[in-house]
Trainee: 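Below is one structure. I have some questions about it.
In what follows, chains carry the letters A, B, and so on, assigned in the order in which the sequence lines appear, proteins first and then strands, with residues in each chain numbered from 1.
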There are 2 protein chains.
Amino acid sequence: MAGRNESNRSITNVAALANVSIATVSRVLSGKRTKDDDIARRVRAAAEQLNYSVNYAASALRSTITNTIGLVIPSATETFSAQLLDEIEPTIDVDSQQLLLGIGPNQAAQGERIASLVARHVDGLIVVPAAGADLTEILEQYAGTLPIVQVGGRQRSFHTSMVGIDEDAAMEMTIGHLADQGIESVAYMAGKEISFESAELFAMFHTQVRAHHLKTQADWNRFGERSVQRGFDCAMRLFSEPLVQPEAVVCADDTIAFGMMVALHALGLRVPQDVLIVGYNDSPIASTTMPTLTSVRPPFQQIVSEALRLIALGPEHPAHVSLPPQLIVRDSTVVAR
Amino acid sequence: MAGRNESNRSITNVAALANVSIATVSRVLSGKRTKDDDIARRVRAAAEQLNYSVNYAASALRSTITNTIGLVIPSATETFSAQLLDEIEPTIDVDSQQLLLGIGPNQAAQGERIASLVARHVDGLIVVPAAGADLTEILEQYAGTLPIVQVGGRQRSFHTSMVGIDEDAAMEMTIGHLADQGIESVAYMAGKEISFESAELFAMFHTQVRAHHLKTQADWNRFGERSVQRGFDCAMRLFSEPLVQPEAVVCADDTIAFGMMVALHALGLRVPQDVLIVGYNDSPIASTTMPTLTSVRPPFQQIVSEALRLIALGPEHPAHVSLPPQLIVRDSTVVAR
DNA sequence: TTGTACGCGTTATCAT
DNA sequence: ATGATAACGCGTACAA
């Protein structure tokens, strides 16, 4: 009671209490000592008794391992990043690592965050690029120093790792599922034209439509932004006049799909009896629309475990991984027979 | 080229290049030296030339200031936490501080995250308690060691700071706005009954209803969960039979409001012509519903700056702050005249 | 005001 | 396998 109240908290005290050297304590607690003999138990008991936990600053200073993972996302209100966050944090934490978060809505801001995190000597860096951001140059700058994993996006560097979604598989599942429902024509609401990703997906859509002997029309399928308003407007354009109309619509985002459903409802068309709708991202709204929305769910869990595996591998062995998503079938594509 | 490639990165090299001692470099770069003479400029130039940045581990080890803020939230997919994240990260970053994120969906998980962050010696801790979690005991354990700010929630400890929303003001603005629109009766869809918060809000609702000479009925107002389904069900119950119906409904969450709007649309009732709807949280869906939803917006910016201010004050002076929210008026409560 | 020298708590190295 | 000791990079008390 007379002494300081925090002086317990050093490895020296644990060593003294366990009657071993500080080196042994360090080795036991960091798992660099295989045996589980009396000494090991004594050390662990002493550590627990003193409520000791390593000083990460000191540890990092000596070993250059900080037990931190850096994550850079464009925004937490974007559902993909939010779901990734919820998946990644508990996974990291069991390893007694910690998550250092950077948020940057555009290329410049993301570059700053990346630089900050690198300066912090994070053990690995996971980056979800903002829409339209090209981080290749920035990332390559650090690629030799620490393992970097880019999640999604398009730019590919052979010096950084990349974990993406197998969009080919996604499109195949989606169109295949619609064909199974007996529809014969389908439209596609693509993302923004400037993005190379959108163009690639657009091509995949047509490939799959042909493969399943479905019909589509050039004037049905447009590029545009991922918003409710856009979906609403497109549905109004497509379905308000008595032209030839698609029996199903695939959307590049759940928000677009949601907007379409609102418009269809207003027009007196029923989902899925009159039109089938598929979304993308399996955001929280997908299960709350009425009817509930069939959507492509990114494989968050696999993305996270792959990213962490690649980081554990170190910066010397960058790899590019494509993971198949899951099609969550809900009411918007299932017609009762 | 023959030497190591990272040996630039120490204060010693900067000192050598600027022809001063490491102590001077330290003082200049940490701002503990007021003058801006030739020496200061030489040091800064040298630091920039070598692309030097302090080693936070070494700095933390020496000074016990880690330049990190810990944040614990229940989930990133919850809109309140997500919006808080988007607001807090850029604010922290300008101070060259970093955000250490912990996610815990319940009391036990949050306790673990808090302990981890404290072990990391974060300079301050901001906690958004999970629904129903009582973190008082856990937080008080560390309250003497570091500044802690609880955001929202109910438990109050005089050893930790607290930043909350002035719900009284929120309810006053909401009911006042509805009264201004000329309505005479209003219903309230409260949160879960077990939460003391919900009960308090329920009471405030009645106080404000009386203050504005409006009518309400006991069987209109129910406690329940914050979900789309709940809103849908309640609207069906309230409006499908030809009973006396409220002219406006105040909801404890945007999701409830959204569910109600879907149900009202299905019943052929128009918002706002037949029923006025107000939500809470100003989540992203509020601006995408049709019509757009009037909603109470938590003062994220003030919450963040208050929390950081209280952290800067240190653990000795805990304070409890209540901040007035903003009523974002949209189409769901504005009747054209 | 500036420089010297020590110590923060840990891990790595080198004997034993 | 274990113990003694150096070294990691920085901030600051102290001397100049």
Trainee: Would one find a side-chain N or O of B/S59 under 4.0 angstrom from OP1 or OP2 of D/dG11?
Mentor: yes
Trainee: To the nearest angstrom, how far is A/I65 atom CD1 from C/dA12 atom P?
Mentor: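 Atom CD1 in A/I65 sits about 7 Å away from atom P in C/dA12.
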Trainee: For DNA chain D, whose closest nucleotide is more 5', that of B/Y56 or that of A/T24?
Mentor: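 Closest to the 5' end, via its nearest nucleotide, is A/T24.
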Trainee: Which sits closer to the 5' end of DNA chain C, B/L61 or B/I22, going by the nucleotide each is nearest to?
Mentor: B/I22
Trainee: Taking atom C1' of D/dG9 as reference, at what distance in whole Å does atom CZ of A/R120 sit?
Mentor: 15 Å
Trainee: How long is the gap from CD1 on A/I103 to CD on B/E87, to the nearest 0.5 Å?
Mentor: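 Rounded to the nearest 0.5 Å, the CD1-CD separation comes to 10.0 Å.
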Trainee: On the nucleotide C/dA12, are OP1 or OP2 found under 4.0 Å from the side-chain N or O atoms that A/K32 carries?
Mentor: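 Yes, such a contact exists.
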Trainee: Judged by atom type as modelled, is there a donor-acceptor pair below 3.5 Å linking the side chain of A/S305 to the main-chain atoms of A/Q301?
Mentor: yes
Trainee: Rounded to the Å, how far apart are A/N13 CG and C/dT10 P?
Mentor: 9 Å
Trainee: Taking donor-acceptor contacts at under 3.5 Å, does the side chain of B/R27 reach the base of C/dG3?
Mentor: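 Yes.
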Trainee: Of the candidate nucleotides C/dG9, C/dA12, D/dG11, which contains the atom at the shortest distance from the side chain of B/S26?
Mentor: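 Of the candidates, D/dG11 comes closest.
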Trainee: As a test of reading the structure: which of D/dT12, C/dA12, D/dC10 is closest to the side chain of B/S10, going by heavy atoms?
Mentor: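 The closest nucleotide is D/dC10.
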Trainee: Strictly distance-based, threshold 3.5 Å: is any side-chain N or O of A/D123 a donor or acceptor partner for the main-chain N or O of A/I69?
Mentor: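 Not a single qualifying donor-acceptor pair exists.
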Trainee: How long is the line joining CG of B/N19 and P of C/dG3, in whole Å?
Mentor: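 Spelled out: CG on B/N19 to P on C/dG3 is 9 Å.
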Trainee: Considering only heavy atoms from C-beta outward, does the side chain of A/T66 approach that of A/R120 to under 4.5 Å?
Mentor: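 In short, these two side chains do not touch, never coming nearer than 4.5 Å.
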Trainee: To the nearest Å, give me how far apart CD1 (B/I11) and C1' (C/dT4) are.
Mentor: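 To the nearest whole Å, that distance equals 14 Å.
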Trainee: Backbone N or O of A/Q98 within a donor-acceptor pair of the A/T68 side chain at under 3.5 Å?
Mentor: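 Absent.
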Trainee: Would you kindly give the CD1-to-P distance between B/I39 and C/dT2, to the nearest whole Å?
Mentor: 4 Å
Trainee: Does a side-chain N or O of A/S21 approach OP1 or OP2 of D/dA4 to a distance below 4.0 Å, or not?
Mentor: no
Trainee: In whole Å, I'd like the distance from the CG atom of B/N55 to the C1' atom of D/dG9.
Mentor: 6 Å
Trainee: If I take atom CG in residue B/D38 and atom P in nucleotide C/dT1, what distance separates them, rounded to the nearest angstrom?
Mentor: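 Rounded to whole Å, this separation is 16 Å.
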